[in-house]
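Sequence lines set the chain letters: A, B, ... in the order given, protein chains first and strands last, and positions in each chain run from 1.
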Amino acid sequence: MKPSIPRGTRDFGAYDMRKRNYIFSIIRKNFELFGYEPIETPAIENISTLTGKYGEEGDQLIFKILNSRLHENQKKELLTKEFAKTLQTAYNSPELTNKALRYDLTVPFARYVVMHHHQLTFPFKRYQIQPVWRADNPQRGRYREFYQCDADVIGSNSLLNELDLITLIDTCFKELNVPVVLKFNNRKILTALAEMVQHPDKIVDITVAIDKLDKIGKEGVNAELSANGIDETAIAKLEPLLDFKGSNAEKVQILKNVVGTNEIGLKGIEEIEYLLNAATTRLKHLTLELDITLARGLNYYTGTIFECKANAGTFTPSILGGGRYDNLTGVFGLNDMSGVGISFGIDRIFDVMNELDLFPASIQAQSTTQILFINFGQHEATYCLTIIAQLRSEGIACELYPDQKKIPKQFEYADKKKIPLVCSIGSQEMESGVFTVKELQTGLQEKLSLAQLLQKLKR
RNA sequence: GUAGGUAUAGCUCAGUUGGUUAGAGCGCUAGAUUGUGGUUCUAGAGGCCGUGGGUUCGAGCCCCAUUACUUACCCCA
């Protein structure tokens, strides 16, 4: 049998893991620096927890888990009917599948907040770093299993939370040295637009169409709007938005012209202006760009929405997403819990950093082992174990070659694993207590006592 | 779901209008070197040319189907 792994999943070698852990550690450190606390939730959720939260498209991308032991189920007739139904429509049968892999970390978080709200202190700031799964068609930068790193505040309406998150994003990407542009928008603007063109029910269609502006152009957007049953006078009203270019301030002015007479629109503009004024002077690294065409597909966003893209190179996928959701906990029975959060996509950050060669030189394809002990035989190996125990108690990573193979083989092992030092202890060394130590990179070899060796390794 | 591309050694890939026994580099094994890796030299192993059918005297190459991988659309981290 030829081994393989499912499409869109990957194995990670030691070198890649060092790089990934570098990204994880910076993000985790800053999450904690900003006062977020860690939680974890199960990979598997009840499917009813997940469905209906991500939009029609998103629901289809949930990885479903087939119920076990269906062959032992007595309700054969019902199961057969249910299966026939799933073959016809997008219907999900709880008789056939009642569990699924989590699609993101935000919805499980909302579920967590509702289940544990009696023991939580609000506003609750949590971070969560775990893999999520999407039954998507894989391609470059798109995986079916990937990690999200989420930070959310729930139980506070204050825009200071948005500001806090923007600063957090700025801090993380500055430390990672990734050039990024943070695009943001406000769903209230989109809601106002839908109201003003007399199509409040079409908000999703309108936002999705506008979101495609930079890909399909103004004519494309208009065509799509019209295809979705939006009439021409309404399309004409939206037109100024599609045309505008320029500074953030100029964009705000255009927004005022278009939706300034609408109550929700005004509120959205107010929020946007606040964030622009408050954030711009505080940012140390990233570019903040108001992007009216930013819509985001996830259903639950209601206010500020965020998206980050790399600002250099040819590969610029979305590497962060987020936004405010006013009532995500509502479906689980807890109202008046507004939250706002962001999600770093570390797999794509990894890809971008690889392409731009942004990993620091200290992260090398090198073993954590500092010194390898050559195995000359049982007697010598036993002697080495004592030395090794002493080095390890001093915090020095070392290992003994386990088999008594030819010496070149053992050196080759050190070379391939990129262990910097090799220590040979044969009968002469055992007798004298002075060991032969070779630096593989330079080829230099010296005779060292245990004390001298320790000194060398500790600096 | 829709459309394009690719499939030849462990890996990356050559392979002429369709013509004898399918190649290279890297890697692997052994030796030169029985207490020294990386460099060098020598030798060796390793392929049902993705799978199934067709055309032909003859197919890695042409045709059809199929599978896997991949890119793009959609959506997203």
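The residue Arg140(A) sits close only to the backbone: its heavy atoms come under 4.0 Å of sugar-phosphate atoms, none of a base. Heavy atoms of Glu429(A) sit under 4.0 angstrom from at least one base atom. Across all strands shown, Gln410(A) has no heavy atoms under 4.0 Å from either base or sugar-phosphate atoms. Within 4.0 Å (heavy atoms only), Glu307(A) reaches no atom of the nucleic acid at all. Counting any heavy atom pair closer than 4.0 Å across all strands shown, Ser318(A) reaches sugar-phosphate atoms only and no base atom. As judged by a 4.0 angstrom heavy-atom cut-off over every strand, Glu412(A) is placed among residues touching the sugar-phosphate backbone only.
To the nearest whole angstrom, the two P atoms, one in A14(B) and one in C75(B), are 36 Å apart. Taking the P atoms as reference points, C41(B) lies 12 Å from G25(B), given to the whole Å. Only the P atoms considered, C28(B) is 15 Å distant from G37(B), to the nearest whole Å. Taking atom P on both U70(B) and U8(B), the two are 14 Å apart, rounded to the nearest angstrom. Rounded to whole Å, the C1' atom of U39(B) lies 46 Å from the corresponding atom of G4(B). For the C1' atoms, the distance from A45(B) to C26(B) is 16 Å, rounded to whole Å. Only the P atoms considered, U67(B) is 49 Å distant from G31(B), to the nearest whole Å. Comparing C13(B) with G54(B), their P atoms sit 32 Å apart, to the nearest whole Å.
Judged by closest nucleotide on RNA chain B, Gly426(A) is the one of Gln441(A) and Gly426(A) placed further toward the 5' end. Taking for each of Pro6(A) and Tyr147(A) the nucleotide of RNA chain B with the nearest heavy atom, the 5'-most of the two is the partner of Pro6(A).
Lys53(A) places its NZ atom 19 Å from the C1' atom of C75(B), with the value rounded to the nearest Å. Atom OH in Tyr54(A) sits roughly 10 Å away from atom P in A77(B) (whole-Å rounding). For Tyr103(A) and C75(B), the OH to P distance is 12 Å, given to the nearest whole Å. As a whole-Å value, the separation of Lys183(A) NZ from C76(B) P is 14 Å. Whole-Å rounding puts the Gln139(A) CD to A77(B) C1' distance at 13 Å. As a whole-Å value, the separation of Phe146(A) CZ from A77(B) C1' is 5 Å. Atom P of nucleotide A77(B) and atom CG of Leu61(A) are separated by 11 Å, given to the nearest angstrom. Between the CZ atom of Arg144(A) and the C1' atom of C69(B) there is a distance of 12 Å, rounded to whole Å.
Pairing partner, A72(B): U2(B), with both Watson-Crick or wobble hydrogen-bond distances short of 3.5 Å. Within the shown strands, nothing qualifies as a pairing partner of C48(B) under the Watson-Crick or G-U definition with both distances less than 3.5 Å. Taking a pair to require two hydrogen-bonding distances under 3.5 Å in either a Watson-Crick or a G-U wobble arrangement, U12(B) pairs with A24(B). Judged by Watson-Crick or G-U wobble contacts below 3.5 Å, the nucleotide A30(B) has U42(B) as its partner. Both distances falling under 3.5 Å, in either a Watson-Crick or a G-U wobble arrangement, occur for no nucleotide opposite C61(B). As the counterpart of A7(B), U67(B) is assigned, both hydrogen-bonding distances of the Watson-Crick or G-U wobble pattern falling under 3.5 Å.
The phosphate of G31(B) (OP1 or OP2) has a side-chain N or O of Lys406(A) nearer than 4.0 angstrom. Residue Arg7(A) has no polar side-chain atom (N or O) positioned under 4.0 Å from OP1 or OP2 of A68(B). Taking only side-chain nitrogens and oxygens, Lys416(A) comes nearer than 4.0 Å to OP1 or OP2 of C28(B).
Side chain to side chain, Thr436(A) and Gln428(A) fail the donor-acceptor criterion of an N or O pair below 3.5 Å. Checked by atom type, the side-chain pair Thr167(A)/Arg282(A) shows no donor-acceptor distance below 3.5 Å. Side-chain atoms of Asn30(A) and Thr171(A) form no donor-acceptor pair, as typed in the model, at a separation below 3.5 Å. Judged purely by distance below 3.5 Å, without hydrogens or angles, the side chains of Tyr413(A) and Asp403(A) never pair a donor atom with an acceptor atom.
Among Phe24(A), Phe31(A), Phe109(A), Tyr36(A), the single residue meeting the ring-ring contact (aromatic ring centres under 6.0 Å, His included) criterion with Tyr127(A) is Phe31(A). Just one of Arg10(A), Arg140(A), Arg142(A) meets the salt bridge (charged side-chain N to carboxylate O under 4.0 Å, His left out) condition when paired with Asp347(A); it is Arg10(A).
Between Phe173(A) and Phe344(A), the angle of the ring planes lies from 30° to 60°, which puts this pair in the tilted group.
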